[in-house]
Amino acid sequence: MNLIPFLIVIPLAAAFFIPLVGKRIKISGDIISIAATISLSGISIFLASLIATQKVLMFEVGKWAAPMGISMVVDGFSVFMLVIVNSIAFLVALYSTGYIKKYTDTWKFYTLFMLMVGGMNGVLIAGDLFNMYVALEIAAIAGYALVAFGIDAEGLEASFKYAVMGAVGSSFMLMGIALLYSYTSTLNMADMANVIANKGASKIILFVSALFIMGFGLKAALVPFHAWLPDAHSSAPTPISAMLSGVLIKVLGIYALSRIFFNIFGMTPKISMILIGLAVISMVVAGILAFGQYDIKRLLAYSSISQIGYIALGLGIATPLSIMGALFHLFNHSISKSLLFLNAGAIESSMGTRDLRKMTGVLARSPVIGYTNLIGAMSISGIPPLGGFWSKIIIIFACIQADRPVLAFIAIAVSILTLGYYFKAVTPVLFGSKGTHLDNKSKPITVTMAVPMVILAILSVVSVLLLLPNTGRSFLDGAIAVLVKGAIR
Amino acid sequence: MITVYILCLVLFSVGLYCILRKRNLIKIIIGIGIMEYAVNLFFILSGYRTEGRSPIFASDQAIKNMVDPLPQAIVSTLIVIGLSLTLLIISIAIRIYEKYGTFDITRINKLKG
């Protein structure tokens, strides 16, 4: 039996059933969404084991053959992302059961959450550009609604901003897809790549590339297009911030961008230069802006932009080593940034504030939050034994290997900047004395909130296993192999 | 034919201008609508053939010049997506009005930095 369609069917079915029973039975939303996400992670890990031997899995909807019919394709890169997305979705769903109690109508939250997961899975397995666009819109619209879920003034404002900018970005994307369709008369990605390879490069491809960089760059929040991200990610309910920062910007932005530029157009020196330029601006500008933040979630959001810059830098250089660094950094960043956002939510609900200047002594109050937060911050800012260090150093070595010492210098400087703003923010919060003025509000976190944080902390410690042969290297190599095919030769 | 494409581009630019320059939330939403329809129109135009007929096979008719049906199918999907987006943004705008008491985007500025 082909398991690929279930990656879309399960979340959409869950999103359908939760409203049916959720009004009557309060706990059904929790149970259905946890069951759905755990089965999705199971399926994606099983597909990963299949991909190790078969390279490409395909499902043709209604048995119509590939260029005409709709096809769902899973290869090394998609399965790499599928495992990340669905496992983090599971952990976030588990965390939500404890966190979401402060809102009414939790079934609406889970419905939108499952729609978002379904949309992201749809982007990852889509075999043609239009289905990718539709799935992307499903995920994005669910995201706009979830940012405004709290119905507080900030959330609504951020959601409006995000929705308007997202709609503009989508229009540009769609314009690009329309132009590409009239140029190649196909929408299937593999077919499109063949047609473009036969027809050769032309000016229309350049124009379409500009439209796509605008559209997908906006979804990935590279710097000139980043204005929505700090607002949206800091105003959303915390589990959603973790999903948005951890996986949504990577799936909608980085994954879609690299699919198009590596697998359809093929990387050219021009595109590579533009990507590197955007990446460097993102890294530096967002890194500097993060210094001025005192809201813990805003600081994390700016840090996300900066780290996305690293990923785009690795993809922009487009040598096998840099692609490996970019994908490994993507993996590490999704784990540790989700962890940090979940921590921020736990701190917020146990202390009643998000202002970094007002919180102190987290480690003394709650060792679970404190130590996991320390591990997450260390991984992101690149302290040696943790995953973030290895991915950053691979990207830096790739810059040197590609004979671009200036980029290597910038990457090192930004990593020091990252270390700077994390430890400026995190050290007093963690190691400060256990203040007395907050004690009346302080309440312990639940087990369901603690377990995902501990799992994510363990994952960010052991993520280096992906680099070692025999443990997880084939998983990473499968993803690299897909992208290297389209790299500059 | 080229005139139609230019008019389509003008429509797109009108929508973009409306989003960028207008201060009223509702006008911005209308701008998004205009932009979406310009893109839809562009999709339809890409499938248009002069003197083309609908692509329905009939035994007594020779098929010479057909309109491409795929963009039309795509656009019907896009209209639904656009509808859901517009609905969502309008409901958010109504809630914003309840919280801030204004539709003026320069006065909706609690988030900074």
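All figures in this text were calculated on a predicted structure; none of them were measured in a lab.
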Residue pairs passing the side chain to side chain donor-acceptor pair (under 3.5 Å) test where at least one lies in residues 1-11 of chain B, sequence neighbours excluded: none
Ring centroids only, cut at 6.0 angstrom: are A:Tyr103 and A:Phe149 within range, meaning strictly under it? yes
Can you tell which part of A:Ser235 gets under 4.5 Å to a heavy atom of chain B, answering side chain, backbone, both or neither? side chain
Under a 4.5 Å cut-off applied to non-hydrogen side-chain atoms, are A:His233 and A:Leu300 in contact? no
What I'd like to find out is whether the side chain of A:Met165 reaches to under 4.5 Å of the side chain of A:Leu218, using heavy atoms alone. yes
Turns out that what part of A:Ala140 lies under 4.5 Å from chain B's heavy atoms comes down to neither
Do A:Lys219 and A:Phe212 meet the cation-pi criteria used here (NZ or CZ under 6.0 Å from the six-membered ring centre, within 45° of the axis)? no
Identify the residues of residues 86-94 of chain B whose heavy atoms come closer than 4.5 Å to a heavy atom of chain A, ordered by number, or report 'none'. B:Leu88, B:Ile89, B:Ile92, B:Ala93
Would you please go through residues 171-183 of chain A and name the residues with a non-hydrogen atom below 4.5 Å from one of chain B, in numerical order? A:Ser171, A:Phe172, A:Leu174, A:Met175, A:Ile177, A:Ala178, A:Leu179, A:Tyr181, A:Ser182
Side chains of B:Asp104 and B:Thr106: donor-acceptor distance under 3.5 Å anywhere? yes
So A:Trp64 and A:Ile70, do their side chains get closer than 4.5 Å, heavy atoms only? no
Note, B:Ser84 side chain near A:Glu137 side chain (heavy atom, < 4.5 Å): no
Where on B:Ile81 is there a heavy atom nearer than 4.5 Å to chain A: the side chain, the backbone, both, or neither? both
With sequence neighbours excluded, give me every side chain to side chain donor-acceptor pair (under 3.5 Å) pair touching residues 145-165 of chain A. A:Glu157-B:Tyr100, A:Lys161-A:Asp231
Side chain, backbone, both or neither: which part of A:Phe130 has a heavy atom under 4.5 Å from chain B? side chain
CA sep, side-chain torsions, deciding dist, call: A:Asp355, A:Asp295, side chain to side chain contact (heavy atoms under 4.5 Å, CB included): CA-CA 5 Å; A:Asp355 194 327; A:Asp295 180 338; over 6 Å; no
Is the number of heavy atoms from other residues, nucleotides or ligands under 6.0 Å of A:Lys199 NZ greater than 12? yes
Given that the side chain runs from C-beta out, which part of B:Ile32 has a heavy atom under 4.5 Å from chain A: side chain, backbone, both or neither? side chain
Contact origin within B:Ile19 toward chain A - heavy atom pairs under 4.5 Å: side chain
Main-chain N/O of A:Ala148 paired to B:Arg95 side chain as donor or acceptor, under 3.5 Å: no
Does NZ belonging to A:Lys203 count more than 12 external heavy atoms closer than 6.0 Å? no
Note: vs chain A, highest number of non-hydrogen pairs under 4.5 angstrom among B:Leu45, B:Asn40, B:Thr77 is B:Thr77
